[in-house]
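Take a look at the structure set out below.
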Amino acid sequence: MSVWALLVAAGTGERLGADRPKAFVGLHGRPLLAESLERLDASRWVDAVVVAAPPGWEEPAILLAEELAVTKVAACVTGGATRADSVRAALAEVPEDAAVVLVHDAARPLLTDGVIERVLAPLAQGWDGAVPALPLADTVKRVLGDAVVETVARDELAAAQTPQAFVASVLREAYAGDLAGATDCASLVEARGGRVKIVEGDPRLLKITTTADLELVESWL
Ligand code: CTP
Ligand code: MG
């Protein structure tokens with residue numbers, strides 16, 4: 001059973017506001033992308049990796065892979081305008097005989113083998129996909145403008161992270177359709193009736209969005 005990992009790194013990082021795309025901003029003295037790329041490459045669960053790089057950053061991404069001496073990078077593609085477009089471009093490089101596709105945000109550098117193992121396990125039990133998630137600490141309100149419409153039952157909510165794992169054929173079908181509004185892969189699979197399991201996430205899989213996040217993750221390294 002071969003597992004292909006798509007590492008999406010093609011975002012601009014607008015909210016971080018650096019002079020380069022987020023994946024190439026420094027984390028502990030190397031580009032942010034290095035951390036997740038190295039960790040995916042070292043994982044015993046992952047057979048091959050496809051990187052989606054920002055337009056114009058394909059060569060730096062390939063050079064970084066060479067510098068890190070990673071051995072599993074099969075392709076580096078140019079990402080698209082949205083995350084879903086970037087996933088679709090990377091997915092096109094996955095061979096027909098791949099069994100499982102894992103999709104991970106480069107913006108979440110602190111990937112562990114433990115969470116990879118947790119998202120892969122449900123696929124062997126008949127699930128179409130699996131997503132790591134954390135319970136919400138705050139009370140959540142549905143709002144319209146600045147008015148509260150209702151308080152949502154917190155025990156029915158979870159904050160989804162990556163890596164997300166899918167049966168390859170299921171993910172392909174999901175990405176053959178309309179991608180509008182999809183902020184993660186699982187939502188497209190769910191929309192087609194796919195069964196997606198929630199597994200335990202990891203607070204250290206925090207997605208770096210702002211400078212404060214970058215400093216926090218750096219302090220954890
Ligand atoms: N991503 C991507 N292609 C895009 C947009 C996002 O590959 N067109 C990737 C990012 O590189 C990141 C992940 O999807 O690893 C999650 O996106 P996000 O954290 O929103 O990153 P950015 O879009 O770069 O940040 P911002 O929204 O602040 O611009
Ligand atoms: Mg974004």
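Please read these numbers as outputs of a predicted model, since none were measured by experiment. Atoms within each ligand, like the ligands themselves, are counted from 1 in listed order.
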Quiz prompt | Pair Arg83 + Asp105, salt bridge at N-O below 4.0 Å | solution =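 Salt bridge present between Arg83 and Asp105.
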Quiz item: Any ion pair linking Glu35 and Arg108 (charged N to carboxylate O, less than 4.0 Å)?
Solution: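 No, this pair does not count.
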Quick one: nearest non-hydrogen protein atom to [atom], plus distance?
{"atom": "atom 29 (O) of ligand 1", "answer": "Glu14 N, 2.7 Å"}
{"atom": "atom 15 (O) of ligand 1", "answer": "Val8 O, 2.8 Å"}
{"atom": "atom 17 (O) of ligand 1", "answer": "Lys207 NZ, 4.3 Å"}
{"atom": "atom 8 (N) of ligand 1", "answer": "Gly80 O, 2.9 Å"}
{"atom": "atom 7 (O) of ligand 1", "answer": "Ala10 N, 2.9 Å"}
{"atom": "atom 6 (C) of ligand 1", "answer": "Gly11 CA, 3.6 Å"}

Exercise. Kindly say whether Thr151 contributes a backbone atom to a donor-acceptor pair with the side chain of Lys141 at under 3.5 angstrom?
Key: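 A pair under 3.5 Å: no.
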Which atoms of ligand 1 are found less than 4.0 Å from any heavy atom of [X]?
{"X": "Thr12", "result": "24 (O), 29 (O)"}
{"X": "Ala81", "result": "8 (N)"}
{"X": "Asp105", "result": "13 (C), 14 (O), 15 (O), 16 (C)"}
{"X": "Ser86", "result": "2 (C), 3 (N), 4 (C), 7 (O), 8 (N)"}

Quiz item: Hey, does Ser43 have a side-chain heavy atom less than 4.5 Å from the side chain of Leu111?
Solution: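 Counting from C-beta outward, Leu111 and Ser43 never come under 4.5 Å.
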Quiz prompt | Leu40 and Ile116, any side-chain heavy atoms less than 4.5 Å apart | solution =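 Touching, per the 4.5 Å side-chain cut-off.
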Can an N or O of [X] be found at a distance shorter than 3.5 Å from an N or O of ligand 1?
{"X": "Leu16", "answer": "no"}
{"X": "Thr82", "answer": "yes"}
{"X": "Gly13", "answer": "yes"}

Exercise. With Val8 as reference, evaluate Asp85, Val50, Val51, Val87 under the side-chain contact (heavy atoms from CB on, under 4.5 Å) test and give the passing residue.
Key: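 Between Val8 and the candidates, side-chain contact (heavy atoms from CB on, under 4.5 Å) is satisfied uniquely by Val87.
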Quiz item: Which of these passes side-chain contact (heavy atoms from CB on, under 4.5 Å) with Val170: Val101, Val100, Val189?
Solution: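 Output: one option passes, namely Val189.
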Practice problem: Determine, considering heavy atoms only, which of Lys22, Arg15, Arg83 sits nearest to atom 20 (O) of ligand 1. | Solution: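 Looking at heavy atoms only, Arg15 sits closest to atom 20 (O) of ligand 1.
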Quiz item: Yes or no on side chain to side chain contact (heavy atoms under 4.5 Å, CB included) for Val196 and Gln164, after CA distance, side-chain angles and deciding distance?
Solution: CA-CA 10 Å; Val196 178; Gln164 300 186 350; over 6 Å; no
Quiz item: Do Asp47 and Ser2 have a side chain donor and acceptor closer than 3.5 Å?
Solution: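 Judged by distance alone, the side chains do not pair up.
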Practice problem: Step through the shown structure and confirm whether more than 12 heavy atoms of other residues, nucleotides or ligands are within 6.0 Å of CD on Glu150. | Solution: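 Counting neighbours around CD of Glu150, more than 12 heavy atoms of other residues, nucleotides or ligands fall under 6.0 Å, so yes.
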Practice problem: Take every heavy atom of Ala23, measure it against each atom of ligand 1, and state whether any distance is under 4.0 Å. | Solution: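 Under 4.0 Å: no for Ala23.
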Quiz item: Side chain, backbone, both or neither: which part of Arg108 comes within less than 4.0 Å of ligand 1 when only heavy atoms are counted?
Solution: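 Within the 4.0 Å criterion, Arg108 makes no contact with ligand 1.
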